[in-house]
Amino acid sequence: MNEEGKILSSYEIDDNLALQIWTRGKSPRLSIFNKNKNTRKLIQLSWVEKRDRKLQINSKTRGETVSYIVQDFEHAIQKILEDFTIKTNFRLKFFRVMLDLEKALFNPEIVTSQNGFVMMSDEKRSALFIADCTGEDKKSGVFKNFFPLNDAERMILNNTDLNFINGERNVETLLHTGLMEAMGKINPERWFNPVRVSASAMLLCFSFCGEDGSKFSNSLWENRKPHPQETNKHKGFSLNSPGLMKLGFKISAYMRHFYNIENLNVEYFIDSEKFLQDEGYTRSRRTDFTAGTLGDVPYRVTFYEHELNNITAFACVPQMATAKHSGEMVIKIPTDLYNEALKIDTMNGGNQDEFYTITRLFWAKNFKEWYYSVMPYVKSFSGLK
């Protein structure tokens with residue numbers, strides 16, 4: 001441990017163990033302090049995301065150990081993080097990161113021709129809004145959404161003027177309409193809370209939805225002047241910022257496919273093909289997914305259909321050893337909802353991309369699981385509704 005760092009908050013678990021927050025001016029670390037041995041281990045807070053993780057430390061009695069489960073530490077982690085946010089300038093940084101992240105997520109991609117919809121890259125297609133400038137006046141147009149709506153959201157959208165003029169087609173103009181604020185009030189779990197939980201997680205060095213974001217987290221604590229290029233669009237960072245890109249895309253996938261996630265089922269089997277065939281599925285085709293899409297290794301994905309139950313399944317077989325899961329992954333979704341997701345993801349381009357949509361549906365599910373693993377630790381100071 002670097003002795004220049006400081007312990008800013010501490011919680012006594014019992015006579016054997018204390019949990020502490022240590023920092024030296026960058027993102028904080030969790031300190032596991034063995035009171036019996038007077039030893040300390042520093043780890044990133046992402047360690048507590050796995051609630052069934054076990055911890056063993058040496059006891060006072062020689063040769064004996066004491067065992068704990070991470071889920072039992074929830075109250076302690078909440079308390080030391082609350083204390084940390086009070087003793088540092090966390091709240092000021094949180095507000096800035098939250099606004100930057102919100103602007104990055106809702107930043108509209110500009111399309112000036114119908115061909116622009118067809119030729120859209122995966123990065124641009126991940127936008128939740130498009131600034132449609134396909135009319136004669138390229139400085140004027142309308143903001144269009146590309147995500148399903150429930151009745152309450154649709155009513156708000158229909159009652160909001162999303163037209164823009166004079167080239168005011170940026171995210172500030174979109175947010176100024178009040179659309180996202182109104183959406184957040186009626187459905188905070190979709191539009192409000194994920195931004196705030198993610199902002200807290202980024203500052204506190206939780207994982208970036210399963211990925212190591214410590215370098216980016218540390219940079220958020222640096223006191224620096226904005227780069228001149230950051231005065232455009234949204235200051236600080238964008239979804240294309242190195243280290244943030246995949247987390248940002250997972251948040252936008254969660255927001256876009258919010259209503260489909262409940263119907264997306266992910267399970268693991270030793271032999272996915274036998275399982276699906278025994279359930280009455282018929283194999284249709286097969287393709288390969290590169291590393292970094294469904295996991296840290298390449299996957300061979302086989303498509304299955306269950307015509308009687310109207311369900312589409314994807315058997316995802318890792319082509320190398322992975323630490324993410326054991327066995328072969330099976331993703332199931334009602335076929336009509338899968339077709340809806342394919343259509344939404346075309347952004348009016350007409351070209352459906354199963355590789356893109358399957359990845360985004362999986363990322364949406366992945367983000368939801370991560371979000372609910374982090375949320376209990378940070379909810380008290382993240383301004384959740």
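Just so you know, these numbers come straight off a predicted model, no measurement behind them.
- Pairing each heavy atom of Val48 with each of Tyr377, the nearest pair is O-OH, 2.8 Å.
- A cation-pi arrangement is absent between Arg286 and Phe303 under the rule of less than 6.0 angstrom and at most 45 degrees off the ring axis.
- Between the side chains of Asn351 and Tyr356, not a single donor N or O lies within less than 3.5 Å of an accepting N or O.
- For the residue pair Asn150 / Tyr259, a side-chain donor-acceptor distance below 3.5 Å is found, with atom types taken as modelled.
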What pairs of donor and acceptor atoms, side-chain ones from residues 69-80 against any protein atom, are under 3.5 angstrom apart with sequence neighbours left out?
| unit_1 | atom_1 | unit_2 | atom_2 | d |
| --- | --- | --- | --- | --- |
| Glu74 | OE1 | Arg51 | NH1 | 2.8 |
| Glu74 | OE1 | Arg51 | NH2 | 3.3 |
| Gln78 | NE2 | Pro376 | O | 2.8 |

List, one per line, each side-chain donor-acceptor pair under 3.5 Å for residues 264-271, sequence neighbours excluded.
| unit_1 | atom_1 | unit_2 | atom_2 | d |
| --- | --- | --- | --- | --- |
| Asn265 | ND2 | Glu267 | OE1 | 2.9 |
| Asp271 | OD1 | Glu273 | N | 3.3 |
| Asp271 | OD1 | Lys274 | N | 3.1 |

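- Contacts of Asn163 classified as side-chain contact (heavy atoms from CB on, under 4.5 Å), with partners at least two apart in sequence or in another chain: Val142, Asp161.
- Salt bridge Lys87/Glu82: absent, no basic N to carboxylate O contact under 4.0 Å.
- The pair Glu189-Lys385 does not count as a salt bridge, with every side-chain nitrogen at least 4.0 angstrom from each carboxylate oxygen.
- The distance between the ring centers of Phe147 and Phe129 falls below 6.0 angstrom.
- Not counting sequence neighbours, Glu136 has no partner by the side-chain contact (heavy atoms from CB on, under 4.5 Å) test.
- Ion pairing between a basic and an acidic side chain is recognised when a charged N comes within 4.0 Å of a carboxylate O; Arg125 and Glu109 show no such pairing.
- Checked by atom type, the side-chain pair Gln352/Thr346 shows no donor-acceptor distance below 3.5 Å.
- Remark: Asn263 engages no residue in a side-chain hydrogen bond (donor to acceptor under 3.5 Å, both in side chains) (not counting sequence neighbours).
- Between Asp345 and Arg256 there is a salt bridge, since at least one side-chain N of the basic residue sits less than 4.0 Å from a carboxylate O of the acidic one.
- Side-chain contact check for Ser198 and Tyr371: no donor-acceptor pair (N or O, by modelled atom type) lies under 3.5 Å.
- For Gln319, there are no side-chain hydrogen bond (donor to acceptor under 3.5 Å, both in side chains) partners two or more places apart in sequence or in a different chain.
- Checking Thr177 against Thr160 by side-chain atom types alone, no donor-acceptor pair falls below 3.5 Å.
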